[in-house]
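Shown next, in structure tokens, is the structure this report addresses.
The analysis underlying the following values was restricted to heavy atoms, covering all of them including side chains, and did not include hydrogens, waters or symmetry mates. None of the values given here were measured: they were computed from a predicted structure. In what follows, chains carry the letters A, B, and so on, assigned in the order in which the sequence lines appear, proteins first and then strands, with residues in each chain numbered from 1.
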Amino acid sequence: MMPTLDSEQIMALAPDASAAKAGKDQANPQKWPTLGHNAQAVWGECQGSSATPYQTMVDLSEIAYHCTCPSRKFPCKHTLGLLLLLHEQPAAFTETIPLERVTVWLAKRAQQREQRSATATAPPTETADPTAQAKRASERYARTAAGLQDLELWLRDLMRQGLVSARSQPPTFWHTPAARMVDAQAPGVARRLRQMHTALHAGADWSEQLLDQIGRLHLLIEGFKRFETLPAPVQADITNVLGWTVRQDDLLTEAGVRDTWLVTGQRVETEEKLQSQFTWLWGCTTQRSALVLDFAFGNTPLDKSLVPDTCLDAELVFFPGNYPLRAFVKVRHTTTTSPNKRPGYPTIAAALDAYSTAVAAFPWLERFPMLLNDVVPAVQATHWLVCDQLQRCLPCAPNGAPYWRLLARSGGHSMDIFGEWDGQSFWPLGAWDVPH
Amino acid sequence: MQWEHVIKVALLGTERQPLTLPATASNRLVASLSRLDTSDPEGAMLGAAALFAASRRAGWQPLLPSVALPAPTTAETLPECSPRAASHLATMLDGQYKEALPEWLALVQQQGMRVPARSLPALLDAGSKHGDIARALLPVLGERGRWLAAQNPAWAYLQENGTWDIGHIWDTGNTKARTVLLEWLRTTDPARARTLLETSWRTHKAEERRTLLATLQTNLSMDDEPFLESILNDTATRSEAVHLLTKLPPSRLVQRMIARVQALLRFEQGSLTVTLPEQCTPDMQRDGIKRKPPPHDERQPEHVQALYAEQGNWWLLQLLKMVSPALLCEQCAITPEQLVAAARLHPLREVLVRGWADALMNQPYDAAWFAALYPLLPADVLEQWFAVLPPPMQRTLLEQRLTAHLDSLRANLLLLASYQQWDVQLARTVLAGLRSMVGETTTYKEPVLFQTLPTIIQRIPFELIDEMVEHWPTDAKRWQFWVSRIGTAQELLCFRAEMHAAFHGEH
């Protein structure tokens, strides 16, 4: 059978706490008159409140699922229950011919997959009117240029009056230029300005952090002034920091990087009603890391097809840039078992070297992925660290309870830990035991 | 030129503090900085910020640990519980069915297993709040759990015996930590525990003194008597101290009580003469005799409260409670039957029976005395005593008292709820009776049934679960009153059955 998920991975799929709880209640073989599997999928029939049993199915090759129950939650409690049951009592599933509905569903999925790869190779069918497009682009450029000019004046005022006086300003002091940047079609800059406002009271080193952010904005403004003279990847970086979106479909014809990708970590940020999901992948052969973003507004579910701690054989296309990290899955071949020896950096010094290279190529970098091999989590007084075999440490971001679970897992033995480095703190997102 | 200088200028503002740029280029960073245009102070400042901050980020150096890291855990000697058992644990730690957690921990211990590492932090937190979880957790922590507990001061209560810094926990811990420490010390070194408590006795608040004193119950001996005797003047903890001393027949307190009771009871030629105490002296009060009964005690039936309104009766009752009637028999060389037969005819029978029953409950179970006193026991006293009887005795009693009539079930609900060793036969009989009772009445009319039903359902053996779920009078008019009460208890029972099955390899 295909690799299965463990209970933590399954619980992470649950759309909310009540679905997680209900899913656990469903993980009882007595509730499932039929349970079956073949090489690709598992399925079951669950007696719910309606007369006919619900049919629940999971395609393990891509971690996709379907259930005939009317629940609007996705995945529903039956799917979660079926997955938990598969993890806890695999013997309850018999290898057999799929239910008719499962066969139909798998066939439909295979068909969709073919269609997707066909559109990926086909040349774009329609091209927008090039004159209108050029006109729109130049209008946007002009609006942003004017906005950045205002921002430069504002930054100069800030430097003249000093950060101490800025600290006593009302919130509008920061929110007004942020709103101006939204109008100037630079939402990425607006976001950074709002972050600077919250960082004002971050801690003892607030002034250093703020000055660092100011420096990056200055670099962006200067870069934009020379936009035409810069190489294409740097231009892409600048538009990316400004927040100009690149349509994923425009990149479908680009060549991808095929590798066995390990899903090393995932985190979701929520701002207002917008959920942003950051999923990090690490190529086992290429040693490249990739960031897959997904956004969902309101109650729309996020894409959960990349499950942390699983491995997939896939072709990824990277968005252009001087140090490309952001990518999307162009073709997904199959889910594979995780490698015994994980890729990653052998020492913290090596990881920091890679970080220097990345910052030099892309100075606006916010979170840098680090998969650290053979490190130990540790607590010293109230500070958390990860420490490598050479006794070199990275400080961890203050984050409380999850660290105790990490420490419980390690027991002082080395493990592979994945996390994001923001230049000051390490944010662990995934961990693997190392056989010792 | 230093980053500190740039920060300082940034804080104050260029209009107050101009930026000084380096004159000579000692490295590439400084070389770039020296090219900034000083005639534009703000521009130069922004450029310096951009250059310096990026180079600082790129050149960040790793830290050294401030103290040596702890040695890793040694290999586990116990196997980890199954994934299915672990998922039950996770459910309980999420807050559902959490009443079953001590039972789950006991199962892990019975099977010689340990808890999964990933649940350790949540379990250790739960243990720091609940003493019963802390005790059940100790044997199933595994090497990993002990290693982890040693690293968090909040979990110090669970550290390996040898590594406990007793003085430190005692001086800096909260009531909970001190209680767990004393409970453990009483099992290994009772004298040390008592000395700790004795030395700092005055420094604890009344509430804490009461809690800590109760731990002396474990391995209580005459060695503890001098300390207990010495704190009888402390009114805040007097009743706890007296309670402990009455368990020690050679204690001075019990001896004084015997003298007092002997002065009041005379057994001559088959008849009993009782003299009521005339006053409650300060000495008696120091020994735990209360001058007045509690104003209104709901646990006592009305007629008993009326009886205690008579001061002499109230004082006599309290004196009797502290002296085992067996001592009386010894002194007069009579059997329990003879003494009880004499008491039966006495006008103060109620006071005598209640006092002796209380005194006997405080002693190891004495079959002869229970048999002698049983025919005279009022219902409320029997319910209290039942809980401390040995299980075979409980069983025999229940068999005698339960008849085919529903009223006998109604009268024995409290006994059934405290009986723990149900079998299939008893459960079937009781279930049938419960269904009939539930079918014909409301929760208001059956307060005892309403109160005991969840506990009784929890006593039903797991093999009857399917039967238990069915045949309830769901179409009865009053069903809605009962359904929530029954449903929740049934779910918990099913969960516990699942939990046990996970350890015994059944589905």
Side-chain angles (χ1 to χ4, degrees), chain A residues 6-8 17 20-21 24 27-30 84 87-89 92 155-157 159-165 207-208 210-212 214-216 218-219 222 348-349 352 355-356 359-360 363 376 378-381 385 387-388 391-395 401 404-405 407-413 423-424, chain B residues 3 6-7 9-17 41-43 45-67 69-73 82-84 86-87 90-91 94 96 117-122 124-125 143-145 147-148 151-152 498 502 507:
Chain A
D6 70 26
S7 49
E8 260 173 65
K21 207 172 245 184
K24 278 187 194 161
N28 178 346
Q30 283 165 358
L84 281 173
H87 168 61
E88 289 166 15
Q89 299 176 53
L155 283 176
R156 282 170 169 275
D157 279 349
M159 288 294 98
R160 195 174 309 116
Q161 281 153 17
L163 301 182
V164 173
S165 67
S207 53
E208 289 185 43
L210 189 58
L211 198 55
D212 187 355
I214 291 168
R216 295 190 210 201
H218 174 68
L219 212 54
E222 293 300 312
I348 283 176
L352 286 170
Y355 175 66
S356 307
V359 170
V376 185
V379 58
Q380 303 211 316
L385 305 168
C387 191
D388 70 7
Q391 299 294 304
R392 292 294 180 279
C393 302
L394 290 181
W404 285 108
R405 282 203 294 279
L407 195 64
R409 254 185 83 179
S410 102
H413 296 286
Q424 325 246 339
Chain B
W3 170 241
V6 181
I7 292 277
V9 176
L11 284 171
L12 294 174
T14 49
E15 63 184 1
R16 288 184 202 87
Q17 170 89 40
E42 290 81 42
M45 193 46 220
L46 288 166
L51 280 164
F52 240 126
S55 78
R56 277 174 60 85
R57 259 186 292 141
W60 199 89
Q61 290 298 310
L63 310 172
L64 290 168
S66 51
V67 291
L69 301 186
T73 53
S82 69
R84 196 161 150 230
S87 104
T91 304
D94 280 350
Q96 210 181 3
R118 67 168 174 282
S119 294
L120 279 169
L124 289 162
D125 277 344
E143 296 301 325
R144 179 82 38 122
W147 180 89
L148 192 65
Q151 305 202 41
N152 189 340
E498 267 278 300
H507 290 309

Task: chain A contact via B:Pro65 - which portion, at a heavy-atom distance below 4.5 Å - done: both
Task: Side chain, backbone, both or neither of A:Asp6 within contact of chain B (heavy atoms, under 4.5 Å) - done: neither
Open item on the list: List the residues meeting side chain to side chain donor-acceptor pair (under 3.5 Å) with A:Glu88, not counting sequence neighbours, and say none if there are none.
Closed with: B:Ser87
Task: Region of A:Leu385 in contact with chain B, defined by heavy-atom distances below 4.5 Å - done: side chain
Open item on the list: Counting heavy-atom pairs under 4.5 Å with chain A, which one of B:Ser55, B:Ser66, B:Ala86, B:Gly145 comes out on top?
Closed with: B:Ser66
Open item on the list: I'd like to know which of A:Val359, A:Leu84, A:Leu352, A:Asn28 tops the heavy-atom pair count under 4.5 Å against chain B.
Closed with: A:Leu352
TODO: Provide the closest heavy-atom pair for A:Leu211 versus B:Ala10 in the form atom of the first, atom of the second, distance.
DONE: CD1-CB, 3.7 Å
Open item on the list: Taking side chain as everything from C-beta outward and backbone as N, CA, C, O, which of these in B:Ala90 sits under 4.5 Å from a heavy atom of chain A? Side chain, backbone, both or neither.
Closed with: both
Open item on the list: How close do B:Ala117 and A:Ala408 get, counting heavy atoms only, and between which atoms?
Closed with: O-CB, 3.4 Å
Task: Non-neighbouring partners of A:Asp212 that pass side chain to side chain donor-acceptor pair (under 3.5 Å), sequence neighbours left out - done: A:Arg216, B:Arg57
TODO: Against chain B, work out which of A:Arg405, A:Met159, A:Arg160 has the most heavy-atom pairs shorter than 4.5 Å and name it.
DONE: A:Arg160
Task: chain A contact via B:Ile7 - side chain, backbone, both or neither, heavy atoms under 4.5 Å - done: both
- [ ] With a 4.5 angstrom heavy-atom cut-off, could you sort out which part of A:Ser207 is near chain B: side chain, backbone, both or neither?
- [x] both
Task: Interatomic distance, B:Arg84 atom CZ to A:Ser7 atom OG [nearest 0.5 angstrom] - done: 14.0 Å
Open item on the list: For the interface with chain A, which of B:Leu120, B:Asp125, B:Leu12, B:Leu69 has the highest count of heavy-atom pairs at distances below 4.5 Å?
Closed with: B:Leu12
Open item on the list: Heavy-atom pairs under 4.5 Å with chain B - which of A:Gly423, A:Pro395, A:Ala92 has more of them than the others?
Closed with: A:Pro395
Open item on the list: So, taking the atom named CD in B:Gln61 and the one named CD1 in A:Ile348, what distance separates them when rounded to the nearest 0.5 Å?
Closed with: 12.0 Å
- [ ] Would you check if A:Lys21 and B:Thr91 make a side-chain contact, meaning some heavy-atom pair closer than 4.5 Å?
- [x] no
TODO: Would you give the length of the straight line joining atom CD of A:Gln161 to atom OG1 of B:Thr14, rounded to the nearest 0.5 angstrom?
DONE: 9.0 Å
- [ ] Return the option, out of B:Pro83, B:Ala53, B:Ala122, B:Pro41, with the maximum number of heavy-atom pairs under 4.5 Å with chain A.
- [x] B:Ala53
Task: Non-hydrogen side-chain atoms of A:Lys24 and B:Asp94 separated by less than 4.5 Å - done: yes
Open item on the list: Between B:Trp60 and A:Gln424, is there a side-chain heavy-atom distance shorter than 4.5 Å?
Closed with: no
TODO: Below 4.5 Å from any heavy atom of chain B, which atoms of A:Ala360 appear? Answer side chain, backbone, both or neither.
DONE: neither
Open item on the list: Using 0.5 Å steps for rounding, measure from the CG atom of B:Leu11 to the CD atom of A:Glu208.
Closed with: 9.5 Å
Open item on the list: Less than 4.5 Å to any heavy atom of chain B: does that hold for the side chain of A:Val164, its backbone, both, or neither?
Closed with: both
Task: Heavy-atom check, side chain of B:Leu63 versus side chain of A:Arg392, under 4.5 Å - done: no
Task: Side chain proximity check, B:Met45 to A:His218, heavy atoms < 4.5 angstrom - done: no
Open item on the list: So which residue, B:Leu46, B:Leu148, B:Leu51, ends up with the most heavy-atom pairs under 4.5 Å with chain A?
Closed with: B:Leu46
Task: Minimum-distance pair of heavy atoms, taken over all atoms of A:Gly412 and B:Pro72 - done: O-CB, 3.5 Å
TODO: Might you point out which heavy atoms bring B:Ala58 and A:Ser356 nearest each other, and give the distance in Å?
DONE: O-OG, 2.6 Å
TODO: Counting only heavy atoms closer than 4.5 Å, note whether A:Gln391 contacts chain B via side chain, backbone, both or neither.
DONE: both
- [ ] Might you point out which heavy atoms bring B:Glu42 and A:Arg156 nearest each other, and give the distance in Å?
- [x] CG-O, 3.3 Å
